[in-house]
Amino acid sequence: MARRTGRRPGNPDTREAILAAARTAFAERGFDAASIRAIATAAGVDPALVHHYFGTKEELFRATVAIPVDPAELVPRVLAGGRDEVGERLVHTFLTVWDSPVGPAAVALLRSAMSNQWTARLLREFLVTQILRRVVDQLDLDPAEVPLRGALVATQVAGLAMMRYVIRLEPVASAPVDTLVATIGPTIQRYLTGPLDAG
């Protein structure tokens, strides 16, 4: 009888214990301050087991939030090309993901964040540390302006998600992607690279 190769599935109780500890750590301390060692200690396991089940800290965080996409694959699409078109590429990438087969999972996560404080904290951490920070860090912006610029972008992206996929407000809900890219992209571009002062 041939031996099976590859990673064994392991104990599901151990995996769930790690996820539970990670949810608490990420929600209470944020992505940056939460450590694999502290999560392993809270779960009562060796840190090597955390890496065995989930790989990197980023992968553990993604599993904790149940995000159906990998930011490491999406952010390069947003940044590819000229600095002045980042806003349009961000909207295009966002809509492409949400209109794809993973879209329903993203909608479910957004709905959950509206009614669950822990999910809201985790989603906020995901948006800030895994998406917005990775984008703005490549745009050579004034560090003092980065938090506000990132938050302003988030208002547009979250609002678009709510209106198109949750509330389904027409004509936004059925508008072609290119129309939304052309109309919302410049606003996000202004939030990213345009002047922030009223004058």
Side-chain angles (χ1 to χ4, degrees), residues 19 22-23 26-27 30-32 58-81 84-139 141 145-194 196:
L19 276 176
R23 285 189 195 100
F26 288 131
F31 176 81
D32 293 330
E58 287 79 5
E59 290 169 320
L60 172 60
F61 185 49
R62 229 170 42 244
T64 301
V65 188
I67 294 291
V69 294
D70 184 355
E73 297 176 5
L74 302 180
V75 172
R77 294 187 213 169
V78 176
L79 296 171
D84 294 337
E85 292 83 37
V86 170
E88 292 186 0
R89 288 194 301 273
L90 192 152
V91 176
H92 187 272
T93 301
F94 173 82
L95 292 172
T96 300
V97 169
W98 282 66
D99 286 347
S100 77
V102 305
V107 172
L109 180 61
L110 183 59
R111 288 182 186 276
S112 177
M114 293 172 61
S115 59
N116 185 294
Q117 184 179 11
W118 286 91
T119 306
R121 289 181 185 178
L122 291 170
L123 184 57
R124 181 178 65 229
E125 277 295 305
F126 175 80
L127 288 172
V128 170
T129 65
Q130 305 299 301
I131 302 289
L132 296 176
R133 182 191 295 172
R134 292 183 183 196
V135 171
V136 299
D137 280 354
Q138 301 300 314
L139 297 181
L141 302 173
E145 295 180 351
V146 165
L148 177 58
R149 289 184 183 278
L152 290 171
V153 170
T155 65
Q156 289 294 302
V157 173
L160 175 58
M162 284 294 300
M163 293 302 110
R164 183 171 173 88
Y165 301 104
V166 178
I167 297 175
R168 300 199 58 79
L169 177 69
E170 292 293 356
V172 170
S174 59
V177 168
D178 289 346
T179 298
L180 296 176
V181 168
T183 52
I184 298 173
T187 298
I188 289 184
Q189 185 69 41
R190 180 169 61 84
Y191 288 157
L192 285 171
T193 61
L196 292 178

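Numbers here are sequence positions counted from 1.
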S.K.: Sorted by first residue and then second, give each ring-ring contact (aromatic ring centres under 6.0 Å, His included) pair with at least one member in residues 164-188; sequence neighbours left out.
M.R.: W98-Y165
S.K.: By side chain to side chain donor-acceptor pair (under 3.5 Å), which residues pair with R89, not counting sequence neighbours?
M.R.: none
S.K.: Taking only residues two or more places apart in sequence, or in another chain, which ones meet S174 in a side chain to side chain donor-acceptor pair (under 3.5 Å)?
M.R.: E170
S.K.: Could you pull out all donor-acceptor pairs under 3.5 Å where a side-chain atom in residues 118-125 meets a protein atom, sequence neighbours excluded?
M.R.:
from: T119; atom 1: OG1; to: S112; atom 2: OG; distance (Å): 3.3
from: T119; atom 1: OG1; to: N116; atom 2: OD1; distance (Å): 3.3
from: E125; atom 1: OE1; to: F31; atom 2: N; distance (Å): 2.6

S.K.: For D32, give me all partners under salt bridge (Lys or Arg N to Asp or Glu O under 4.0 Å), at least two apart in sequence or on another chain.
M.R.: R133
S.K.: Report the residues that fulfil side chain to side chain donor-acceptor pair (under 3.5 Å) with T179, sequence neighbours left out, ordered by chain and then residue number.
M.R.: none
S.K.: Could you list the residues that satisfy side-chain contact (heavy atoms from CB on, under 4.5 Å) with R77, not counting sequence neighbours?
M.R.: L74, T93
S.K.: Extract all donor-acceptor atom pairs below 3.5 Å that involve side chains of residues 149-164 and protein atoms in other chains or at least two apart in sequence.
M.R.:
from: R149; atom 1: NE; to: E145; atom 2: OE1; distance (Å): 3.0
from: R149; atom 1: NH1; to: Y191; atom 2: O; distance (Å): 2.9
from: R149; atom 1: NH1; to: L192; atom 2: O; distance (Å): 3.1
from: R149; atom 1: NH1; to: G194; atom 2: O; distance (Å): 2.9
from: R149; atom 1: NH2; to: E145; atom 2: OE1; distance (Å): 2.8
from: R149; atom 1: NH2; to: G194; atom 2: O; distance (Å): 2.8
from: T155; atom 1: OG1; to: L152; atom 2: O; distance (Å): 2.5
from: R164; atom 1: NH1; to: V172; atom 2: O; distance (Å): 2.8
from: R164; atom 1: NH1; to: A175; atom 2: O; distance (Å): 2.9
from: R164; atom 1: NH2; to: D99; atom 2: OD2; distance (Å): 3.2
from: R164; atom 1: NH2; to: A175; atom 2: O; distance (Å): 3.3

S.K.: Sequence neighbours excluded, which residues qualify as side chain to side chain donor-acceptor pair (under 3.5 Å) partners of R111?
M.R.: none
S.K.: Give a yes-or-no answer on whether the side chains of R134 and Q130 include a donor-acceptor pair shorter than 3.5 Å.
M.R.: yes
S.K.: Scan residues 61-72 for pairs that pass side-chain hydrogen bond (donor to acceptor under 3.5 Å, both in side chains), counting only residues two or more places apart or in two chains.
M.R.: R62-D70
S.K.: Does any pair with a residue in residues 172-190 pass salt bridge (charged side-chain N to carboxylate O under 4.0 Å, His left out), and if so which ones, sequence neighbours excluded?
M.R.: none
